[in-house]
Amino acid sequence: VTRRSIEEFDDISSIDQYYRAIKEGFSEMEALGFINQRSRDHSRTPFHWSGHTHAGFSDVNPWLGLNENYPFINVDNQEQDDHSVLSFYKRMIHVRQTNDCLIYGDIVPILEGHPTIVAYKRVTRSDEIVCLYNFDSSTNEVKLNRNEYECLLSNVTEDHNQSNELIYTLKPFQAIILQKKEAIKNE
């Protein structure tokens with residue numbers, strides 16, 4: 001949400017920062033730009049339940065302005081889309097709740113110190129799960145025998161035609177959870 005006037009803010013701290021910036025010699029537009037970047041009001045906007053009037057949040061005008069994208073990004077639309085953030089979170093919660101290894105398994109770091117990948121295993125006597133998170137806008141490679149694992153969850157469509165079976169290529173900003181195949185057979 002980009003607010004166009006100080007009157008659109010409710011957060012006392014943001015309002016105070018706006019007037020402090022003006023007092024320090026910044027223009028009204030510059031001061032507004034500062035608080036648009038940092039205001040808590042952005043996380044306090046009325047929840048987008050639907051694309052209807054007032055985002056389905058209320059029958060009256062809410063105390064804070066709505067994000068302009070509410071007709072498109074809202075719960076009603078997300079529930080209809082298998083690839084939405086809401087659908088992903090539902091799948092993620094299901095994987096976590098139905099897999100004891102993710103709950104009780106020991107954590108074993110992989111790739112410690114990598115600048116853009118967080119990687120670790122969760123391990124029990126009978127199961128092994130690898131969690132890979134690429135926090136980069138570029139692809140990254142991880143040494144991992146792809147044939148030994150099955151995908152439990154990924155936030156991007158899997159490329160099953162990767163050429164090297166000993167390297168796992170992570171797409172930009174990909175998060176993936178893999179389970180060792182022999183553990184799946186033992187279930």
Side-chain angles (χ1 to χ4, degrees), residues 1-99 102-103 107 111 113-120 131-140 142 151-159 169-177:
V1 176
T2 300
R3 304 199 189 284
R4 294 172 185 85
S5 160
I6 189 61
E7 285 78 29
E8 294 180 39
F9 286 88
D10 192 51
D11 176 32
I12 297 288
S13 177
S14 295
I15 295 168
D16 192 43
Q17 288 174 12
Y18 172 83
Y19 288 112
R20 191 175 321 127
I22 289 175
K23 198 175 202 178
E24 291 176 7
F26 292 97
S27 71
E28 289 182 8
M29 290 303 294
E30 289 171 319
L32 195 58
F34 297 149
I35 62 172
N36 263 312
Q37 290 176 3
R38 300 183 187 109
S39 178
R40 295 183 314 160
D41 278 354
H42 301 307
S43 62
R44 299 166 62 209
T45 59
F47 196 78
H48 301 171
W49 291 105
S50 70
H52 296 104
T53 305
H54 309 304
F57 178 82
S58 172
D59 293 333
V60 296
N61 197 25
W63 69 99
L64 282 175
L66 296 164
N67 193 313
E68 297 87 15
N69 65 9
Y70 83 88
F72 314 104
I73 300 177
N74 59 64
V75 173
D76 278 353
N77 287 349
Q78 296 252 326
E79 285 181 330
Q80 305 304 316
D81 181 0
D82 289 339
H83 302 289
S84 70
V85 172
L86 178 61
S87 294
F88 178 75
Y89 268 83
K90 287 179 177 182
R91 288 192 308 276
M92 184 172 57
I93 290 166
H94 175 76
V95 167
R96 170 70 164 72
Q97 289 178 335
T98 58
N99 199 305
L102 286 172
I103 299 169
I107 298 173
L111 298 176
H114 193 285
T116 59
I117 295 176
V118 173
Y120 58 90
C131 302
L132 304 170
Y133 307 98
N134 183 14
F135 291 95
D136 195 345
S137 59
S138 302
T139 59
N140 271 297
V142 176
C151 179
L152 290 179
L153 182 70
S154 178
N155 66 332
V156 297
T157 304
E158 278 301 288
D159 179 6
T169 302
L170 293 170
K171 294 180 181 178
F173 305 109
Q174 183 176 11
I176 188 165
I177 299 175

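Basis for what follows: all heavy atoms, side chains included, without hydrogens, waters or symmetry-related copies.
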Problem - Working for side-chain contact (heavy atoms from CB on, under 4.5 Å), residues Phe135 and Asn140 - result: CA-CA 10 Å; Phe135 291 95; Asn140 271 297; over 6 Å; no
Practice task
Might you point out which heavy atoms bring Leu111 and Ala119 nearest each other, and give the distance in Å?
Solution key: CD1-CB, 4.1 Å
Problem - Which atom of Phe57 lies closest to which atom of Trp49, heavy atoms considered - result: CA-CD1, 4.0 Å
Practice task
For Asp81 and Ser84, test the side chains for any donor-to-acceptor distance below 3.5 angstrom and give the result as yes or no.
Solution key: no
Completion exercise
Heavy-atom nearest pair, Ile6 first then Leu32, reads N-CD1, 3.9 Å
Problem - Point-to-point distance, once rounded to the nearest 0.5 Å, from CG of Leu153 to NE2 of His94 - result: 10.5 Å
Completion exercise
In short, His54 meets Asn61 closest at the heavy-atom pair CE1-CA, 3.5 Å
Problem - Ile107 CD1 to Leu102 CG distance, which is reported to the nearest 0.5 Å - result: 10.0 Å
Handout entry: Leu64 side, atom CG; Asp10 side, atom CG - distance, nearest 0.5 Å
Key = 5.0 Å
Practice task
Can you measure from CD (Glu7) to CD1 (Ile15) and round to the nearest 0.5 angstrom?
Solution key: 9.0 Å
Practice task
Search all heavy atoms of Gln174 against all heavy atoms of Asn155 and return the closest pair with its distance.
Solution key: CA-OD1, 3.3 Å
Practice task
Could you tell me whether the side chain of Pro172 reaches within less than 4.5 Å of the side chain of Thr139, counting heavy atoms only?
Solution key: yes
Handout entry: Glu30 CD: over 12 foreign heavy atoms closer than 6.0 Å
Key = yes
Exercise for the section: Please indicate whether Phe47 has more than 12 foreign heavy atoms, meaning atoms of other residues, nucleotides or ligands, lying under 6.0 Å from its CZ. Expected result: yes
Problem - Polar side-chain atom of Gln78 near backbone of Leu86 as donor-acceptor pair, under 3.5 Å - result: yes
For a quick test of your reading: what N or O donor-acceptor pairs under 3.5 Å do the side chains of residues 16-23 make, sequence neighbours left out?
residue: Asp16; atom: OD2; partner: Arg20; partner atom: NH2; Å: 2.7
residue: Gln17; atom: NE2; partner: Ser13; partner atom: OG; Å: 3.4

Completion exercise
Nearest heavy-atom contact between Asn134 and Lys171 is ND2-O, 2.9 Å
Problem - His114, NE2 atom: more than 12 neighbouring heavy atoms under 6.0 Å - result: yes
Practice task
Measure from the side-chain N and O atoms of Asn74 to the backbone N and O of Asn77, and report whether any donor-acceptor pair falls under 3.5 Å.
Solution key: yes
Practice task
Calculate, to the nearest 0.5 Å, the distance between atoms CZ and CG belonging to Arg4 and Asn36 respectively.
Solution key: 9.5 Å
Fill in the blank from the handout: d(Ile103 CD1, Gln97 CD) to nearest 0.5 Å is 7.5 Å
